[in-house]
Q: 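Pasting a structure below so you can have a look.
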Amino acid sequence: MYGYYTERDYKGDFPYTDLATERRRADVELAGVEYKREQGIIGEWEKIKITTKKGAESIGRPIGIYDTLNIGRMDLLDGESIIDARDEVARELCYMLDASDIFPERILVAGLGNPALTPDSVGAEAAKAVKPTMHIREMNKRLFEDLNCAEIAVCSPGVAATSGLDAAVTIRGLCEALGPDAVIVVDALASRSPERLGTTVQICNTGIAPGSGLGNPRQPISIDTVGVPVIAIGVPTVIDSRMFYYNPNGERRPKPEICPSMFVSPKEINDIVSAAALIIGGGINQAFGIY
């Protein structure tokens, strides 16, 4: 079991996590929080639905849906398993859109993160795997109608350190220009559990705050900041080194002060990112009728 930690997180002296399943133990009764497990074609889903303000305070996340697929090490999956994982992501994405009352005909996909930094390149690599179609409709409307798919535009806004702009600013401008029905953002996440690195996909309908896991939060990307609903998909690729000085109950082991706070990733991170890009990018393609 992962994510069974104390409320130290809210006092600021416990390593950060982007995963709702790790924010607070969610499989026990919490007011305003619904939790269930479901077996998928591959892996297992942990599904969390936060329905009240009290539930949001308990988990430390906004009211919404947070579903997490645990599939094991992505870099060890064979071709058939990657296809199964892609199918799971596609089905969940369709469910998330439906549950959020989003009827997408035009979608903007944004791959967040720094493509030059491997652990932070999940978004950019997944964006490369998504097939854009918006230009086809503009060039040949009849051909586009024959494709029977959604209009997809893809961008990789990069990071403020290289562009001078928050990703939220770029995405908001594109939303104003294109008028999408929804934005799908893909990003790398921070976890508290080594076992989740490169093994988990989280999908939520509340957007994302880039950089939060690294202590450098940027402007959130959500319906409040970009003007349209935002679905966020992420894979944990880094962990705070301080977590290695906590036991599974959230209690410190001896002499944690000698452990500096730094973010580390698995040595197989290149292969993890490549597999994650195929799973997420392929899932987005399939969800919107692009084969």
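Because the structure is a prediction, the values reported are computed rather than measured. We use all heavy atoms of the structure for the numbers below, so side chains are in, but hydrogens, waters and symmetry mates are not.
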Q: Quick check on the hydrophobic clustering: are Tyr95 and Val89 connected, directly or via other members, by side-chain heavy-atom contacts under 4.5 Å?
A: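 Per the 4.5 Å side-chain linkage, Tyr95 and Val89 are co-clustered.
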
Q: Are any non-hydrogen side-chain atoms of Arg86 and Leu278 less than 4.5 angstrom apart?
A: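 When only atoms from C-beta onward are counted, Leu278 and Arg86 do not touch, as no gap falls below 4.5 Å.
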
Q: Quick one: does any side-chain atom of Asp187 pair with a main-chain N or O of Gly123 as donor and acceptor, under 3.5 Å?
A: no

Q: Could you state the interatomic distance from OG1 (Thr68) to CG (Leu189), rounded to the nearest 0.5 Å?
A: 9.0 Å

Q: Any side-chain heavy atom of Met74 sitting closer than 4.5 Å to one from Val235?
A: yes

Q: Identify which one of Met96, Glu34, Lys47 satisfies the side chain to side chain contact (heavy atoms under 4.5 Å, CB included) criterion when paired with Ile65.
A: Met96

Q: Any chance CD of Glu44 has more than 12 other-residue heavy atoms, nucleotides or ligands included, within less than 6.0 Å?
A: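 Check passes, neighbour count above 12.
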
Q: Quick one: does Thr133's side chain have a donor or acceptor within less than 3.5 Å of a partner on Ala150's backbone?
A: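 Between the backbone of Ala150 and the side chain of Thr133 there is a qualifying donor-acceptor contact (under 3.5 Å).
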
Q: Treating Ile, Leu, Val, Met, Phe, Trp and Tyr as nodes and any side-chain heavy-atom pair under 4.5 angstrom as an edge, say whether Val154 and Val122 lie in one connected cluster.
A: yes

Q: When you measure from the side chain of Gln286 to the backbone N and O of Ile290, does any donor-acceptor pair fall under 3.5 Å?
A: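 Side chain of Gln286 to backbone of Ile290: no pair is present.
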
Q: Short question: side chain of Asp18, backbone of Ala190 - any donor-acceptor pair under 3.5 Å?
A: yes

Q: Taking all non-hydrogen atoms of both residues into account, name the closest pair between Ala160 and Asp166 and its distance.
A: CB-OD1, 4.1 Å

Q: Could you check whether any side-chain heavy atom of Val186 comes within less than 4.5 Å of a side-chain heavy atom of Ile284, counting everything from C-beta outward?
A: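 Side chain of Val186 against side chain of Ile284, heavy atoms only: contact under 4.5 Å found.
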
Q: If I compare all heavy atoms of Thr52 with all of Ala31, which pair ends up nearest, and what's the gap?
A: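 Heavy atoms of Thr52 and Ala31 come nearest at OG1-O, 4.1 Å.
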
Q: Does the Asn205 side chain pair with the main chain of Gly64, one donor and one acceptor, at a distance under 3.5 Å?
A: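 Not at all, since once roles are kept as given, no pair shorter than 3.5 Å links the two residues.
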
Q: Just so I know, are the side chains of Ile223 and Pro229 near enough to count as touching, which here means a heavy-atom distance under 4.5 Å?
A: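 Heavy-atom side-chain distance check passes, below 4.5 Å.
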
Q: Can you tell me how far CD1 of Ile71 sits from OG1 of Thr199, rounded to the nearest 0.5 angstrom?
A: 7.5 Å

Q: Roughly how far, to the nearest 0.5 Å, is the SG atom of Cys175 from the CD1 atom of Ile221?
A: 9.5 Å

Q: What is the distance from atom CD1 of Ile42 to atom CG of Asp84, rounded to the nearest 0.5 Å?
A: 5.5 Å

Q: Do the side-chain N and O atoms of Asp78 and Ser81 include a donor-acceptor pair separated by under 3.5 angstrom?
A: yes

Q: Can you tell me if Asp146 has over 12 outside heavy atoms packed within less than 6.0 Å of its CG?
A: yes

Q: Closest approach of Gly113 and Pro115, non-hydrogen atoms and distance?
A: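 Distance-wise, the nearest heavy atoms are O-CD, 3.4 Å.
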
Q: Is it true that, when you exclude Glu80 itself, more than 12 heavy atoms of the residues, nucleotides or ligands shown sit nearer than 6.0 Å to its CD?
A: no

Q: With a 3.5 Å distance limit and no angle check, can you tell me whether Glu22 reaches the backbone of Ser191 through a side-chain donor-acceptor pair?
A: no

Q: Measure the spacing between CD1 of Ile203 and CD1 of Ile233 and express it to the nearest 0.5 Å.
A: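 Answer rounded to 0.5 Å: 5.0 Å.
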
Q: With a 4.5 Å heavy-atom cut-off, do Thr21 and Arg196 have their side chains touching?
A: yes

Q: Are the side chains of Ile50 and Arg61 in contact, using a 4.5 Å heavy-atom criterion?
A: yes

Q: Can you tell if the side chain of Asp181 reaches within under 4.5 Å of the side chain of Val228, non-hydrogen atoms only?
A: no

Q: Side chains of Gln202 and Tyr66: is there a donor and an acceptor less than 3.5 Å apart?
A: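 Per modelled atom types, Gln202 and Tyr66 side chains form no pair under 3.5 Å.
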
Q: Is a donor on one side and an acceptor on the other found under 3.5 Å between the side chain of Asn285 and the backbone of Ala129?
A: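 Side chain of Asn285 to backbone of Ala129: a pair is present.
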
Q: In plain terms, say whether Arg137 and Glu151 are close enough for a salt bridge, that is, a side-chain N and a carboxylate O under 4.0 Å apart.
A: yes

Q: Please name the pair of heavy atoms, one in Pro104 and one in Leu97, separated by the smallest distance, quoted to 0.1 Å.
A: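 Closest heavy-atom pair between Pro104 and Leu97: CG-CD1, 3.9 Å.
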
Q: Can you find a heavy atom in the side chain of Pro157 that is under 4.5 Å from one in the side chain of Leu165?
A: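 Heavy-atom side-chain distance check fails, nothing below 4.5 Å.
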
Q: For Val159, is there any backbone N or O sitting under 3.5 Å from a side-chain donor or acceptor partner on Asn114?
A: no

Q: Do Ile184 and Phe103 sit in one hydrophobic cluster, given that two such residues count as connected whenever their side-chain heavy atoms are within less than 4.5 Å of each other, even indirectly?
A: no

Q: Return yes if some donor-acceptor pair links the side-chain N/O of Glu88 with the main-chain N/O of Ile41 below 3.5 Å, else return no.
A: yes

Q: Grouping I, L, V, M, F, W and Y whenever their side-chain heavy atoms are under 4.5 Å apart, do Val109 and Ile279 come out in a common cluster?
A: yes

Q: Supply the atom-to-atom distance Lys54 NZ to Ile63 CD1, rounded to the nearest 0.5 angstrom.
A: 13.5 Å

Q: At their closest point, which heavy atom of Thr206 faces which heavy atom of Ser222, and how far apart are they?
A: O-CB, 3.9 Å

Q: Using the rule that two of Ile, Leu, Val, Met, Phe, Trp, Tyr join whenever any of their side-chain heavy atoms come within less than 4.5 Å, decide whether Leu19 and Ile208 are in one cluster.
A: yes

Q: Could you check whether any side-chain N or O of Thr225 sits under 3.5 Å from a backbone N or O of Pro220, counting only pairs where one atom can act as donor and the other as acceptor?
A: yes

